[in-house]
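In what follows, a structure is listed as structure tokens, so that the remarks can point back to it.
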Protein chains: 2
Amino acid sequence: MKRGEKQNTQAATGDQSIRAPHGIRELAAELGISIGTISRAMNGRPNVNPATKARVLEAAERLGYRPQQSGLSLRTGTTRTIGLLWEIPFGRENYGDAFFLSLFIGVQAQLFERGYDLTILFDRPSSGGLAEPPLGRLKDAIQRRQVDAFIIPWTRVTDARLAYCAKQAVPFTALGRSRSGGNHPWIDLDFEGAIYKATRRLLGFGHRHIGLILVSSALMQNQFIIAGYKKALAEDSTALDDKLIVQCEAIPQGGIQATDKLLGLRARPSAFIVIDSAVIVGVYVRLAELGLRCGQDISVIGGVQDNPIPEFLSPPLTCFGLDTIALGKRLAEVALFALDKDETEAERPVVAELWPLKLIARGSDGSIQ
Amino acid sequence: MKRGEKQNTQAATGDQSIRAPHGIRELAAELGISIGTISRAMNGRPNVNPATKARVLEAAERLGYRPQQSGLSLRTGTTRTIGLLWEIPFGRENYGDAFFLSLFIGVQAQLFERGYDLTILFDRPSSGGLAEPPLGRLKDAIQRRQVDAFIIPWTRVTDARLAYCAKQAVPFTALGRSRSGGNHPWIDLDFEGAIYKATRRLLGFGHRHIGLILVSSALMQNQFIIAGYKKALAEDSTALDDKLIVQCEAIPQGGIQATDKLLGLRARPSAFIVIDSAVIVGVYVRLAELGLRCGQDISVIGGVQDNPIPEFLSPPLTCFGLDTIALGKRLAEVALFALDKDETEAERPVVAELWPLKLIARGSDGSIQ
DNA sequence: CTGAAAGCGCTTACAG
DNA sequence: CTGAAAGCGCTTACAG
């Protein structure tokens, strides 16, 4: 028998033999008080007799009563749920994305702290690949009022998701900057600074030709990555060779192709900087196949990795680290700013935070041979 | 301004300047028909004038109307959402669990196909570590009626989650067997067969001392793993040495400790079988630190891995593979069996499926030196 | 084929 | 401090 299946005009006679009270009505009957008082007691409203409140709380605990989400949401117009958009490029399904996984955990932990739930809204890239962010699940969730606010990662230079949220006046926080969405709260990782540091490091090792492997140029982060790369080259008075900047799909196979492309160049690079953590898998595999030893025959610096995988490789991968759990927690906190007005009524400035990335030197890069 | 914030007794006058209709009422007014007809048209009920239905559908599409989830859920007593429990052991937050990530994607894809949503219910282990599965989020979700059914992975020999669902008459599907939960639908991976094959393989290479690294013995899968291991040894007339079976925490650090423990044994093993994919990380790191080359100085077979990481290692890891996306899809399908009665009214037998695991031979194991 | 009405479970002004 | 009542947005028998 289906839960919640009741005839339209049927009295709540409890046609099942389930002991837990099915709603506030039964709890009220049990205690001989009105449902309004139950509600006030459970929500900590001030005007409730302490003794009554204690009785209600005890009974709710004993009988396992918690307000049903649908009734609560319908009445209050709020879901106490935050939606996190997550798109999975085709061919990346089996890649255990440590970054997003940690992010989920951080976001969820902080939301839980504040009595909110997290819903992950899975989407596939639209036909344009990474160029156009998928809009389906976002629209759906807004129209169906499934969540109170969104967290939107992997921002594009122009991003229809942010624009749509802004137009619909739905609160959202971006992980990454964008030209879209107006004056919205965002947190971003300092890719410019990170890639600047990586490039300087490799130049310092004597590398003159440094390959840069990017994923879709639609991603806003690419702007900053290229800026950091160019800045380092300019400061070192090293000429920029556009051919050394290549793009590939955000999957391991993309890394294989990008590696081949870079190694086929006349001005063959002696070092690679790889941003995406799925792409680095392909790069490592391909270099091993070709018998090129990382850290000796070729230097590799591999993107943002807050997980044990880099150490697990041989040689361990030099990469960028950050505390992804902390990032997730902060993201959740910022997402809630738009919802919980009770904190302080003072106008809060729109959050715009750049998180630094820390270079973690390991064995995959070094002096030119 | 908060969405859905309306005064209690206020008419729906649209105090915001949002163009999308906020509910069925506005759409009805727009079209000059009753809300009942809108609902029937949108839900494909038979008794609607085709012309009317077309007008409704067109207007809904044009104005971006979709029934609000809370109203729908409250009325029908169904959320069209499936909850997937996911527990993250402390210390495993940054480990990108490729298996679960793929599982999410598979489950979500199939649910989407059938008009259902997926909610991932994150939980932390209870104080007992993996011994006792966490019950908090499950209870909460049931009491608040957040989902229609559950998918419950990482089953324990006795599992309070399954027992609770059974007692509350909430549909659930287990990924893994258990003694709890009565005659429930389950899908399991054939760990017994897999470990049997792995052990036979290593015995065939001449290994006489094979270490087996497990995580918590509370996990049901351990029963089958040990059974497969013992069966292979018995068939080979190789004596069982209990000391070779060690347990560790389901984190990379656990793998380091287990490796040290096994290598410290008097009857030191020349081969390892490692089940958990987070543990294998630690094993590989520790062996590399000790200068032991996998596939030469020591053989390693590493659990279930449906991701590119094993190839990414040097040497590539011999392990077990399966199509995790397909598993997720099937799990979703089975979870829906209990809910969608419209398929066929014939009594369906309770699903009980054992999925085979395929040994993928790579370079991390081989003949004893 | 369509409309009017009931009611799912909750919270919150409003009386008392 | 408490109760009675309204109404959030929807679906579905029930009349017509």
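Note on naming: letters A, B, ... go to the chains in the order of the sequence lines (proteins, then strands), and numbering restarts at 1 for each one. Owing to the predicted nature of the structure, the values given are computational and were not obtained by experimental measurement.
Here the P atom of nucleotide C/dG9 and the CZ atom of B/R75 are 10 Å apart, to the nearest Å. Per the geometry, CZ belonging to B/R25 stands 13 Å off P belonging to C/dG3, to the nearest Å. In this entry the distance linking CG of A/L27 with P of C/dG9 reads 13 Å, nearest Å. The CG-C1' distance, from B/N43 to D/dA13, rounds to 15 Å in whole Å. With rounding to whole Å, B/Q146 atom CD is found 16 Å from C/dG9 atom P. Whole-Å rounding puts the A/K53 NZ to D/dT2 P distance at 12 Å. Between the CG atom of B/L74 and the P atom of C/dA6 there is a distance of 17 Å, given to the nearest Å. If you take CG of B/N47 and C1' of D/dA13, they are 11 Å apart, rounded to a whole angstrom.
Annotation: side chain of A/Q146 is not in contact with side chain of A/T81 (no heavy-atom distance under 4.5 Å).
Checked for salt-bridge contact, B/R124 and B/E93 meet the test: a charged N lies under 4.0 Å from a carboxylate O. Ion pair B/E333/B/R330 flagged as a salt bridge, since at least one NZ, NE, NH1 or NH2 atom sits closer than 4.0 Å to an Asp/Glu carboxylate oxygen. In this structure, A/R144 pairs ionically with B/D117, as a charged nitrogen and a carboxylate oxygen lie closer than 4.0 Å.
When distances run from any side-chain atom of A/T52 to the nucleotides C/dG9, D/dC10, D/dT2, the shortest one goes to D/dT2.
Counting non-hydrogen atoms under 4.0 angstrom, B/I35 reaches a base of the nucleic acid. Across all strands shown, B/S39 has heavy atoms under 4.0 Å from base atoms, whether or not it also approaches the sugar-phosphate. B/N49 comes within 4.0 angstrom of the backbone, heavy atoms only, and of no base. B/R40 comes within 4.0 angstrom of a base, heavy atoms only.
Residue A/T37 places none of its side-chain N or O atoms closer than 4.0 Å to OP1 or OP2 of D/dT2. Dashed line: the shortest gap from a side-chain N or O of B/S70 to OP1 or OP2 of D/dG9 is not under 4.0 Å. An OP1 or OP2 oxygen of D/dT12 is reached within less than 4.0 angstrom by a side-chain nitrogen or oxygen of B/R45.
Between atom CZ of residue B/R66 and atom CG of residue B/L27 there is a gap of 13.0 Å, rounded to the nearest 0.5 Å. In this structure, CZ on A/F150 lies 6.5 Å from CG on A/L85, to the nearest 0.5 angstrom.
Helical stems involving DNA chain D, defined as 3 or more consecutive Watson-Crick or G-U pairs under 3.5 Å, span C:1-3 with D:14-16, C:5-12 with D:5-12, C:14-16 with D:1-3.
Two residues, B/R66 and A/P50, neighbour DNA chain D, and the one matched to the more 5' nucleotide by heavy-atom proximity is A/P50. Mapping A/I24 and B/G32 onto DNA chain C via the closest heavy atom, the residue that lands nearer the 5' end is B/G32.
Judged by distance alone, the side chain of B/R80 and the main-chain N or O of B/R114 form a donor-acceptor pair under 3.5 Å.
The shortest non-hydrogen separation linking A/A332 to A/V107 is CB-O, 3.6 Å.
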